[in-house]
Number of protein chains: 2
Amino acid sequence: MRARGGWRIIRGVQCLAVISMENLTPEAMEQVAAYFRALSEPTRLAILNLLREGERNVGELAQLCSCSPANVSRHLSLLSQHGLVRREGRGTAVYYRIADDSVYALCDLVCGNIARRYQRSQPFPGV
Amino acid sequence: MRARGGWRIIRGVQCLAVISMENLTPEAMEQVAAYFRALSEPTRLAILNLLREGERNVGELAQLCSCSPANVSRHLSLLSQHGLVRREGRGTAVYYRIADDSVYALCDLVCGNIARRYQRSQPFPGV
DNA sequence: GCATTATTTGCGTGATTGGTTAATTAGTCA
DNA sequence: TGACTAATTAACCAATCACGCAAATAATGC
């Protein structure tokens with residue numbers, strides 16, 4: 001992967017900014033696709049949404065999104081594999097928290113795209 | 001739907017993030033998931049990448065990404081359904097172009113997330 | 001109309017995925 | 001150690017998906 005723009009300073013923070021998807025190898029492209037795939041499931045989006053306010057354990061998340069603990073655990077495992085959430089066992093429970101806030105920026109960006117798209121024809125469904 | 005935030009800079013990418021994913025109905029959440037699903041396939045990402053430089057017809061895209069025209073046509077149909085590309089027939093050919101440049105901001109943002117993740121452990125695969 | 005080229009669509013197939021249930025593992029406390 | 005709770009994993013099923021192939025559709029020129 002070529003870092004176009006490379007490292008730059010944004011508001012005093014050194015960031016690896018403006019990486020482009022161009023000229024990626026097939027393996028890297030698959031990584032990007034897999035990242036999007038992790039976000040392509042309503043239940044996983046709901047879980048990420050629930051973690052906005054802070055950490056939660058598996059049982060809490062299962063109750064809040066009306067899923068079985070087994071199901072939630074698997075979703076969390078997948079999210080963890082892609083670095084979206086961080087795992088921390090405390091006692092018999094396992095707490096999960098967001099690993100990178102930029103996920104919300106991504107989701108909100110997509111929300112905006114969809115909303116703008118619907119504003120040209122019909123209102124955004126379920127607003 | 002509440003408009004909040006407006007333009008913001010996320011890791012060097014200017015984004016119109018007016019909308020938040022919070023408090024979405026299940027149907028709206030499914031829309032967001034479907035949008036991500038459209039981006040969760042390497043071939044579709046490759047097609048979007050090829051359209052960076054301008055419009056292309058189905059045959060050209062098929063040749064450039066080593067896929068069958070039928071396959072490419074199907075991918076384009078799906079991308080079109082989600083408002084990612086725009087269709088325009090000219091002669092017997094059908095040309096597609098990017099409908100919204102913000103897709104690239106999304107993809108590049110994800111590239112950055114993955115690259116940062118790998119920098120902590122191993123180099124990004126396929127650099 | 002007929003032939004040609006480009007695109008789309010119908011259908012079958014193998015692979016992947018989300019969900020459920022049950023078994024297993026991990027941690028705590030008596 | 002044994003009982004108990006929470007989380008993970010395995011096995012399985014149903015649904016979805018990407019792809020290949022072939023048929024159908026659309027647009028152009030003879």
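Proteins come first, then strands; the chains are lettered A, B, ... in the order of their sequence lines, and each starts at number 1.
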Could you tell me whether B:S77 contacts a base, only the sugar-phosphate backbone, or nothing, with contacts defined as non-hydrogen atoms closer than 4.0 Å? nothing

Treating A:R44 as the side-chain partner and A:H75 as the backbone partner, does any N or O pair qualify as donor plus acceptor under 3.5 Å? no

Think A:R52 forms a cation-pi with A:Y104, using NZ or CZ under 6.0 Å from the six-ring centre and within 45 degrees of its axis? yes

Under 4.0 Å between a side-chain N or O of B:S73 and OP1 or OP2 of C:dT7? no

Does atom CZ (A:R37) have a neighbourhood of more than 12 heavy atoms from anything else shown, all under 6.0 Å? yes

Backbone of B:A28 reached by a side-chain donor or acceptor of B:T25 within 3.5 Å: yes

When we call it a touch if two heavy atoms are under 4.0 Å apart, what does A:R90 touch: a base, just sugar-phosphate, or nothing? nothing

Whether the side chain of B:R74 and the base of C:dG10 hold a donor-acceptor pair under 3.5 Å is what I'd like checked. yes

Which one, C:dG19, C:dT8, C:dA6, comes nearest to the side chain of B:T92? C:dA6

So, A:N113 versus B:Y35: side-chain donor-acceptor pair below 3.5 Å or not? yes

Between B:N57 and C:dT7, is there a side-chain N or O to OP1/OP2 distance below 4.0 Å? yes

More 5' along DNA chain C: A:R37 or B:L76, using each one's nearest nucleotide? B:L76

Between A:N71 and B:R87, which has a closest nucleotide on DNA chain C that is more 5'? B:R87

Spell out, as yes or no, whether a donor-acceptor pair under 3.5 Å connects the side chain of B:Q63 to the backbone of B:E60. no

Give the first and the last nucleotide of DNA chain D, reading 5' to 3', that has any atom under 4.0 Å from a heavy atom of chain A. D:dA6 to D:dA11

Does C:dT8 have OP1 or OP2 under 4.0 Å away from a side-chain N or O of B:Y96? yes

Just how far, in rounded Å, is P of C:dG18 from CZ of B:F36? 15 Å

